[in-house]
Student: 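Right, I'll just put the structure down here and ask away after.
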Amino acid sequence: MTRSGTEAVTRRPGRRRRRAVGALALAGAVLGALLGGGPAAADGAARATGTGSAVGAAAGGKGGGGPVVTRAGLDPALVAGRGADVAFTEQEAENAVTDGTVIGPDRTAYTLPAEASGRRAVRLTPGKYVEFTLPRAANAITVRYSIPDAPGGGGITAPLEVTVNGRAKKTMTLTSQYSWLYNQYPFSNDPGAGLLHPDWWITECSCVPAATTPAPVIAKPFRPSHFYDEQRLLLGSTYRAGDKVRLTAPARGAAAWTVIDLLDSELVGAPHVRLVAANVLAFGADPSGRRDSAPAFDRAIAYAKRKNLTVYIPPGTYQVNRHIVVDDVTIEGAGNWYTIIKGREVALETPAPDGSTHTGVGFYGKDAAAGGSRNVHLSGFAIEGDVRGRIDDDQVNGVGGAMSDSTIEGLHIRHTKVGMWFDGPMRNLRVRNTIIVDQIADALNFHTGVTDSVVTNTFVRNTGDDGLAMWSDKVANARNTFARNTVQTPVLANGIAVYGGTDTTLSGNLVADPIREGSAIQVGSRFGAEPFTGYLRITDNTTVRAGTYELNWNIGLGAIWFYALERSIDADIEVAGDHFLDNTYNAIMLVSEWSVRDLYSIGDVRFKDIRVDGTGTSVVSARVKGSASFENVDARNVGAVGVNNCGAFGFPATGSEFSLTDRGGNDGGGTAGPWLAPWLLPNTITCDDRPPVVPPPPPSAW
């Protein structure tokens, strides 16, 4: 693949160093473009906008008034049996009754519609409202929203009025203090800042600004992103299906506009009570949140270990501004709506041995080098951090360290850097029934020698990096599984990523709306990861509106992306039963870095029983040496030729360096004919570096 330049970028969510290749982002947008339909893209391929979900298109955002329930912006029937089984019901604002303005659809990075679930939302000016009809009984809501940044950065607060059936008025306090990042990695909170790295090549001018005469003029704010946040509210009463929840931007509010993306409604049960326990209140914890409760937590944990008791945290908000070290202990809250562990980010007087310059609220196992922790069980509480910028050396994660033979269940984590970052070696961890939202970096990462561990039924939304990741850094991960999880709207990078490792399974997950420089699912030999060995099974997953615009290469990616950057990928890989819906560009992409295209390959990936419903470009894009086979891969609404086969860009007379095998049952295609026509086999060169994008129609029943 041709590019104008390269860069080496270091980034460490938790401890991670990530190298990105090429420029980091597309043109910065002015605020008016953010709210409208996005700026004109630098390349025609970047203008792929697509349409919203079928239910959204039908509702139109203005009329009807009946409840339109979605999952990841889709009719739930299209994703049945996949993703997390959650307690709440999702409703998109564009499907509700409103006197505001529907924005989108748009998939252009750095715009508010692009970061919205389903790529549409509702903009309210002061005095305007959006009203949702409850589809079932509820006593709690979650609102995903965006409000403007302060002119100089740092965020503002603004009220949002909540009424039910025109009564029971409550006020939510919205904030943009955890939103609005700008500029190049590792990003800035200052909208007026100049380039952080003028010596990097950028797409905006197709140049290295510091080496260009005359110097290019770069618009400010430069590359705004990470616009959304969410708030939860207990309504105080239980309301019935059919009741109307109205969200109104007050006429005299501080925000010039309020964008509402969606509302989740939920019937929250009574608080969990454990009478025989080491109750943190007995050790001096303050449920009002006025005093620091960290010492009381330490005392309760020490007592519980001596007496073989559970630590119980009753309803309340507890201030904790540092790590709580956990080992051989069970800690239960009253439920994550009731028990909230909340802390400030605190600057350290001197950096910690691991390089951290800050600390903050978090539950950490002991370092693996010190033997790690085991038999840790955390459940039933929320962790709310105070992380507003990205410092990759900082250990300011919700849960961290090494925890073997442990379980994490029913947590709600937001405003930390990474929700859960595990540094192994460690084994046998189970994470389930947990919600992780509004992170600066990943939601969860298995890092370095994590084995025999599972993440299941976990819901992720609005991460600043990979949603769920396995990274075999220096020591290989092995025999791990991500199953039946939902990942929505990762602002940067991928929904689910696997970097090396042995015997890995991704099954039954739902991934929607990755925003930029990533895919729904990535398999990458990068970031210094150990090789892929044994098997990799990617089965029965669904992706929607995936395959973003890769700004570094100025091309579109696939919903699933195999990337051979630092070594070949030659494990036993099977992709079976997956559904790739409404793909912005390609459904499947296999690629190597331009500089190593003659060194590395991706061999014999097997695709079986796949459905592809809509591609902006191709079903398969190959930019690497290697091979793949296809069996019962059905496609429709394909925007370009079914296979865009560039191989390793050597263009030999014998055909592409990438070969395809037709194992039968591969049906359908688009206006260009069958997606896997005989003339494409085994290795016909059909290389179009940037094919025109044809936005597909919304997905529908197969």
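Since the structure is predicted, the reported quantities are computational estimates derived from the model, not experimental observations.
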Student: Please walk me through it: do Thr584 and Thr548 pass side chain to side chain contact (heavy atoms under 4.5 Å, CB included)?
Tutor: CA-CA 7 Å; Thr584 308; Thr548 67; over 6 Å; no
Student: Ring centres under 6.0 Å, that's the criterion: do Tyr563 and Trp553 meet it?
Tutor: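 Yes, the ring centres sit under 6.0 Å apart.
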Student: Any side-chain to backbone donor/acceptor pair from Asn645 onto Leu680? Under 3.5 Å, distance only.
Tutor: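 Pair absent, no side-chain N/O of Asn645 close to backbone of Leu680.
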Student: Scan Asn477, Asp466, Leu468, Thr504 and name whichever one has a side-chain contact (heavy atoms from CB on, under 4.5 Å) with Val498.
Tutor: Thr504
Student: Hey, could you give me the CG/CD1 distance between Asn541 and Ile521, rounded to the nearest 0.5 Å?
Tutor: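 With rounding to 0.5 Å, CG (Asn541) is 4.5 Å from CD1 (Ile521).
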Student: Salt-bridge test for Asp264 and Arg461: reply yes if a basic N is under 4.0 Å from a carboxylate O, no otherwise.
Tutor: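 Arg461 and Asp264: salt-bridged.
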Student: Would you say the side-chain atoms of Arg545 pair up with the backbone N or O of Arg119, donor to acceptor, closer than 3.5 Å?
Tutor: no
Student: Using only atom types and a distance under 3.5 Å, with no angle test, would you say the side chain of His226 pairs donor to acceptor with the backbone of Asp438?
Tutor: no
Student: Just jot down the salt bridge (charged side-chain N to carboxylate O under 4.0 Å, His left out) partners of Arg144, sequence neighbours excluded, or say none.
Tutor: Asp261
Student: Between Glu566 and Arg526, does any side-chain N to carboxylate O distance fall below 4.0 Å?
Tutor: no
Student: Answer whether the closest heavy-atom distance between the side chains of Val523 and Ile538 falls below 4.5 Å.
Tutor: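 Yes, their side chains come closer than 4.5 Å.
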Student: Using a 3.5 Å distance criterion without hydrogens, assess whether the side chain of Asp578 forms a donor-acceptor pair with backbone atoms of Val575.
Tutor: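 No; judged by distance alone, with no hydrogens or angles, the pair does not exist.
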Student: Can you tell me how far CZ of Arg479 sits from CG of Asp452, rounded to the nearest 0.5 angstrom?
Tutor: 4.0 Å
Student: Given 3.5 Å as the limit, does a donor-acceptor pair link the side chain of Thr111 with the main chain of Ala109, or not?
Tutor: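 Side chain of Thr111 to backbone of Ala109: no pair is present.
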Student: Any salt bridge (charged side-chain N to carboxylate O under 4.0 Å, His left out) pairs touching residues 532-544, not counting sequence neighbours?
Tutor: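 Listed by first then second residue: Arg82-Asp540, Arg537-Asp572.
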Student: Looking at CG of Asn644 and CG of Asp689, how far apart are the two atoms once the value is rounded to the nearest 0.5 Å?
Tutor: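 Between Asn644 CG and Asp689 CG, I get 8.0 Å after rounding to 0.5 Å.
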